[in-house]
Structures are given as structure tokens and as C-alpha cells.
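In what follows, a structure is listed as C-alpha cells, so that the remarks can point back to it.
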Number of protein chains: 2
Amino acid sequence: MTMSNTGGRRRPPTIHDVAREAGVSRGTVSRVLNGGHYVSPAAQEAVNAAIRRTGYVVNRHARSLITGRSDSIGFLLTEPQERFFEDPNFNVLLRGCTQALAQHDIPLLLMLAGTEDERRRITRYITAGHVDGVLLVSSHSGDPVAQELREAGVPLVACGKPIGLGSKVSYVAADDRDGARDMVRHLLSLGRRRIGVVTGPLDTPGGVERLAGYKEVLTEAGVEIDERLIVSGDYSRASGEAGAERLLAQAPDMDAVFVASDLMAQGVLTALQRAGRRVPQDVAVGGFDDSPAAVTASPELTTIRQPWDRISAEMVRVLLAQIGGEDPAAVILPTELVKREST
Amino acid sequence: MTMSNTGGRRRPPTIHDVAREAGVSRGTVSRVLNGGHYVSPAAQEAVNAAIRRTGYVVNRHARSLITGRSDSIGFLLTEPQERFFEDPNFNVLLRGCTQALAQHDIPLLLMLAGTEDERRRITRYITAGHVDGVLLVSSHSGDPVAQELREAGVPLVACGKPIGLGSKVSYVAADDRDGARDMVRHLLSLGRRRIGVVTGPLDTPGGVERLAGYKEVLTEAGVEIDERLIVSGDYSRASGEAGAERLLAQAPDMDAVFVASDLMAQGVLTALQRAGRRVPQDVAVGGFDDSPAAVTASPELTTIRQPWDRISAEMVRVLLAQIGGEDPAAVILPTELVKREST
DNA sequence: CATGCTTCTGTGAGCGTTCACAGTAGAGAA
DNA sequence: TTCTCTACTGTGAACGCTCACAGAAGCATG
């Protein structure tokens with residue numbers, strides 16, 4: 001029966017209560033709380049016991065008030081929210097970041113900046129120091145929010161390479177180019193030579209890189225690049241369908257397609273089947289993302305898996321390092337070829 | 001050119017700076033910040049101008065330290081995270097809550113309590129007063145976390161009716177029973193009489209209610225309840241497939257199925273097509289949820305839409321009311337029948 | 001003229017921490 | 001002995017805000 005517990009209900013114990021309980025001063029308790037340097041083993045032990053007995057939990061507001069740190073970080077999603085929220089990978093990313101941060105006992109604030117108003121409010125919120133750093137998921141290259149945050153000196157890690165921003169912004173991305181290379185090499189290994197491609201939007205790094213990987217491998221293999229085999233889409237299912245139709249019209253002898261996203265690949269499958277081409281016998285199809293759609297498609301889609309779990313872990317690691325004073329860093333993670341029925 | 005800006009870089013303006021700038025006292029600025037009661041229009045104006053000029057943003061830590069409120073709320077997901085994260089409705093819910101809270105300038109903390117460890121940590125975090133209230137998404141009925149939080153007096157709103165908890169816990173749910181009734185009535189209106197059902201798990205309110213609605217409508221319509229037409233699933237696609245096979249075996253004359261989730265309904269479609277039954281000519285199929293899968297299914301699925309956007313908005317409203325001192329409340333929202341090709 | 005009421009304003013205290021600093025004790029070196 | 005150094009401990013500030021209170025001013029009422 002400790003005094004501090006039997007007395008008044010309600011108000012949680014403070015560092016003062018713990019100090020009294022342990023027979024030491026506030027300072028000593030604080031030192032134990034923050035790493036325990038310059039604390040005698042006896043005091044250490046007494047404080048820990050007192051903490052356990054009182055059920056003390058540090059008041060983060062009081063701490064933040066004086067340290068200036070908030071010990072929380074923001075997960076910022078800018079622009080077209082629907083698209084990200086519909087993307088199953090986004091969930092993995094969000095969950096991964098939350099869990100990685102939880103291990104450091106850091107809460108994650110979810111921030112959605114869809115409208116101009118929200119953008120302003122959130123930028124203000126962040127620059128006011130309410131979070132120590134930001135995990136940024138932005139479709140836009142050269143996002144104005146990112147720009148502002150960078151200028152305000154807020155530690156920032158982007159998911160995917162942000163183009164348009166200065167080089168001094170951290171990011172973690174999958175190796176799009178290498179993933180594309182793997183897929184095209186795989187298609188070549190099946191004996192296909194007339195390989196089409198439906199690219200992503202060419203104003204995004206992903207779109208550009210995947211196309212680059214495609215071209216590189218063909219060139220290395222001595223296969224001529226035929227512009228009639230290249231069409232671009234916008235990652236939507238419909239654009240995949242349209243793209244495949246254009247390819248069939250421009251290059252009827254096509255025997256494989258590398259599609260820069262699984263969603264588009266689904267559209268491609270639809271278009272091919274409608275045109276009477278069998279997959280994979282007549283035309284092999286390779287996707288990108290390894291989204292859940294890849295397995296529900298028929299035939300099941302061969303695709304490139306992006307390591308979303310690792311991406312989230314790395315984003316958190318890099319961000320925390322940056323908050324700790326390290327320089328911005330870029331991390332590129334390897335992708336993986338997942339073979340299924342469509343090739 | 002204000003003094004406060006030209007001087008030292010870095011440190012953000014405080015309420016003191018604003019007071020000096022506006023020629024009033026801290027107290028007056030504080031009053032303006034908190035509703036502006038008992039403030040003369042002149043002072044009001046001066047303070048607002050000063051705030052704008054200095055770019056002042058309130059320091060929430062200092063405020064929280066004294067008010068005891070944190071002005072932030074938690075979005076708590078307990079137990080099997082994967083399932084929720086894969087459910088597209090979950091995204092709508094999360095997004096809706098975030099946005100609704102943003103309108104009140106309240107940040108949302110994402111909290112995932114998957115493991116026992118995380119559970120403990122998060123419960124501690126919450127009961128330490130780091131959030132003012134919790135939006136709970138729990139699959140489990142009688143969730144231990146919910147129980148603990150309730151006992152600690154933390155304002156709480158659950159998504160879906162929690163069973164096992166006392167009646168004094170707030171929740172917001174779709175009207176499962178009424179949704180089921182609508183669907184079965186719809187099937188009846190098509191002239192179907194041998195209507196099967198694949199229920200959800202019968203230890204969840206949703207599962208129970210949807211089955212109850214089914215039975216009610218049939219009874220009202222004078223159609224006999226045939227136990228051979230009732231099988232239960234677990235919301236998974238596979239269980240839908242298995243359920244349909246069982247139904248076909250037990251009641252080959254079945255001319256319609258009400259399936260308690262879209263995912264299961266997809267399985268049902270697969271099984272029916274494999275058995276050579278045409279949908280909707282031979283067997284009409286009705287789902288539940290209106291998930292994106294409903295439109296990608298072929299034929300497109302007639303289903304019951306749950307008003308997730310409204311659910312999230314109501315959850316936030318009820319929670320804020322409860323934080324403001326109101327009593328717990330239960331809100332049941334109407335569903336909507338969405339007719340597509342499968343009926 | 002005192003009294004009360006309402007509206008408005010400034011002031012000190014204090015929320016629970018951390019931080020800088022001062023101070024103590026003990027060990028070892030001069 | 002005295003001095004220095006290290007390991008440890010306690011004590012006042014702050015941090016930036018809100019709250020309670022005291023008071024001032026204006027106006028109507030007794």
C-alpha cells in the first residue's frame with residue numbers, strides 16, 4: 001500500500017510523486033527516465049521500483065514544452081487521396097511505418113492534405129513544430145508542401161524519388177529500373193522478342209525508370225527498340241486496356257507486354273482476351289507492383305514485387321536518423337520477380 | 001517590418017510576443033484564442049492582426065500541460081490488422097475520421113494493437129491521457145482493450161456494435177438487419193422464393209443481424225424458413241465458395257442467394273458458374289458491403305452499401321460529444337440497396 | 001452617493017518536465 | 001594535508017500556456 005495510490009483518485013502520478021516514493025530528487029528520476037547516466041545503481045533501482053509501484057507515465061506535454069521536441073512524427077499524404085487509399089500497397093506502407101515507429105514509442109499522426117485549405121493548415125501545424133519529422137507520400141513531383149517543409153528545415157523522407165526537389169531531400173524507393181530490367185529479361189528468356197510496353201505516366205520517376213529499364217535490357221540483348229511497341233498509360237485499368245488496343249493495332253506481331261502496373265495489366269488482359277489472343281501462349285504479360293489484384297486476375301499475373309514492408313521500415317529509419325542530426329539519405333531497395341501464370 | 005520577425009531566427013513567436021505586438025496582455029490574447037468571450041472588438045481585432053503578422057501558432061504542449069486535454073484523438077485498431085487493412089472500407093473509414101477531425105483541428109493518432117505487447121503499451125499510452133478519446137475498430141467482441149479503456153473512463157466510440165461490453169459504450173453501425181431485409185425483399189420482388197443465405201460469422205453482431213433480417217422478411221412474406229437454405233461463412237472468399245457448394249447440394253432448387261459480404265459473394269459466383277448455373281437467370285445473387293470488388297465481379301454484384309463516410313463522420317461527432325461531457329450514444333445508420341447485374 | 005451588475009483587462013501562479021548549475025562525497029595524486 | 005577529478009545528487013529556474021482572481025470602467029438602480 002503506497003501513500004500515493006491510496007490518497008486521491010484521478011490525477012496521475014507526477015515525477016514528483018515518484019521522487020518522493022523513491023526517496024530521491026526530481027532530477028534523479030528525470031535522469032533515470034532519460035538513459036540513466038550519472039545515476040548510482042541504488043538510485044536507479046529505487047526509482048524503477050517507484051515507477052512500477054506508482055504506475056507513473058511521463059507527461060509528454062511537459063517534456064515537449066521544455067525539450068522543444070514533440071516525439072511524434074507525421075505521415076503526410078498530399079494530393080489525390082483516393083488513389084493512394086485504394087492502392088493496397090499504401091496500406092502496407094502505412095501499417096509498416098506505424099509499427100516501426102511504435103518500436104521507438106513514437107506515435108504517428110495521420111495527415112491528409114487534399115485541398116488547398118488542408119494543405120495550408122497542415123503546413124502550419126508541422127512548421128509550428130508539432131511533429132519532429134514527416135514521412136511524405138506524394139504523387140506529385142515537386143510537391144509544394146514538400147518544398148515548404150524543406151525550406152522550413154523539417155526533417156522529411158519521401159516515399160519514391162521526388163523529382164523537382166533539390167537533391168538534399170531523403171527518399172526511399174524501390175529500384176524501378178532494375179525491376180523493369182528483371183521483367184524484360186524474364187520475357188526475353190521465354191524466347192519473346194516482340195515485347196511491348198505500357199508505361200506509367202512519364203512525369204513520374206517510376207514511369208520514367210521502368211521504361212528506361214525496358215529499353216536498357218532490349219538494347220543489351222541486341223533487340224531493336226521499336227517505338228510502335230511503346231505506349232504510355234496513367235496506371236489506371238482503363239489506360240491499360242486502351243494501351244493494349246493501341247499496341248495490337250500498331251504491332252500485331254507482339255508476343256509479350258511489360259505493363260508498368262498490375263492494375264493496367266488487368267486492363268491489358270481484358271483487351272488481349274477480347275482480341276482473341278491467349279495469355280501466355282500468344283502474348284505473355286508481365287505486371288508491376290504485386291498488388292492483390294495480381295492473384296485474382298486470370299490468368300494470375302507475373303509481376304514485380306515492391307518491398308513495401310522494407311520501404312516503410314527504411315523510411316522510418318532514415319527519418320529518425322535525420323532527426324538525430326544525420327544528413328539526408330537516399331535508399332534504393334531491390335525488387336523481386338514473382339512468376340505466375342501470365343508468362 | 002515587425003520587431004519580432006527581424007530579431008532572432010528560429011524560435012517561434014509565443015503568446016507573449018503577440019501580446020506585446022498587439023499592445024494587450026497575455027490573458028487577452030489567450031481569450032481571443034479560446035473563443036473570444038469577454039474581449040472588446042478593438043482588442044479582438046488587434047490581437048488577430050498581431051497573430052497574422054507574427055505568424056503565431058499556439059504551442060499545444062504548453063496548452064495541454066495546463067488544460068489536461070491533449071486535443072488529439074486515437075484511432076485504435078485491435079487484433080487482426082491484416083484483415084482490416086485489406087478491407088477497402090477500412091480506408092474510407094480511416095480517411096473519413098481523419099478528415100472529420102481535421103475540421104476541428106484535431107490530429108489523429110494511428111494506433112495498431114496487434115500483439116499483446118503493443119496492446120499493453122498502447123493502453124498505457126491512452127490511459128496516461130495522451131489522447132482525449134478513442135475511435136475503436138475491433139473485430140473482436142468484448143475486446144480486452146476496449147474493456148480496459150472503458151474502465152479507465154476513456155471516451156470511446158466503437159465502429160459496429162460491440163457485444164459483450166456493457167451497454168454504456170458508444171457505437172456507430174450500419175443497420176445490418178435492415179440492409180438484409182432490403183436485399184431479401186428485393187430478391188422476393190424478382191419472384192424468387194427459394195432464397196439461400198450465406199451468413200457471416202455468427203459470433204459477430206453483423207453476422208447475426210443480417211441473418212435475422214433475412215428470416216424476418218421471409219416470415220413476413222409467408223415464405224417458409226428452410227434450414228437447408230442457410231449456411232454460414234467467415235466473410236472470406238473461400239468460405240463463400242464452399243457455402244454455395246453446400247447450398248447447391250442441400251437445396252438444388254435454390255433460385256437466389258443472399259450473401260453476407262461481397263467477398264463471399266465472389267466465391268459464390270465462382271461456385272455457381274462452375275456448377276453451370278447462370279447468374280442472374282438461374283440464381284440471383286445479392287452481396288453486402290458494396291466493396292470495389294462488387295463492380296469488378298462479373299456479373300457486377302447487386303449489394304447493400306454501408307454508409308462508411310457517414311459512419312466515420314458520426315463516430316467523430318459522437319466521440320467529441322462524449323469528450324464534451326455528453327452520455328454515450330448508439331447511432332444506427334441506414335444502408336442502401338445498389339442494384340447491378342447479378343439480380 | 002453608494003451599490004450592484006456587466007464587460008472587459010492585467011497579473012501571478014502553476015501545469016510537469018528538463019536543464020544548467022552548484023554542491024557533496026570519495027578516491028587518488030601532489 | 002590539500003588539491004583535483006570523477007561520480008553522483010539536489011535545486012531553482014525556465015518552457016508557453018491557461019486559469020482564477022482582482023480590479024477598472026461604464027452604466028443603471030437603490
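The sequence lines fix the lettering, A, B, ..., with proteins before strands; numbering per chain opens at 1.
The only member of B/Arg317, B/Glu314, B/Lys161 that meets side chain to side chain contact (heavy atoms under 4.5 Å, CB included) when paired with B/Val172 is B/Glu314.
No donor-acceptor pair under 3.5 Å is formed between the side chain of B/Asn34 and the backbone N or O of B/Arg31. The backbone N or O of B/Arg69 sits nowhere less than 3.5 Å from a side-chain atom of B/Asp132 that would complete a donor-acceptor pair. Between the side chain of A/Thr98 and the backbone N or O of A/Leu94, at least one donor-acceptor pair lies under 3.5 Å.
A/Asn59 has its CG atom 16 Å from the P atom of D/dC17, to the nearest Å. When rounded to the nearest whole Å, the span between CD1 of B/Ile15 and C1' of D/dG16 equals 8 Å. For B/His16 and D/dT18, the NE2 to C1' distance is 15 Å, given to the nearest whole Å. Between the NE2 atom of A/His130 and the C1' atom of D/dC15 there is a distance of 14 Å, rounded to whole Å.
A/Asp105 and B/Arg121 are joined by a salt bridge, as a carboxylate oxygen and a charged side-chain nitrogen come within less than 4.0 angstrom of each other.
The base of C/dT11 has none of its N or O atoms less than 3.5 Å from a complementary donor or acceptor on the side chain of B/Arg26.
Which of C/dT18, D/dC17, D/dC15 sits closest to the side chain of A/Leu65 comes down to D/dC15. Distance from the side chain of B/Arg63 is smallest for D/dC17 among the nucleotides C/dG16, C/dT17, D/dC17.
Judged purely by distance below 3.5 Å, without hydrogens or angles, the side chains of A/Thr127 and A/Glu148 never pair a donor atom with an acceptor atom.
Heavy-atom distances under 4.0 Å link DNA chain D to B/Ser30, B/Asn34 of residues 27-47 of chain B, given in residue order.
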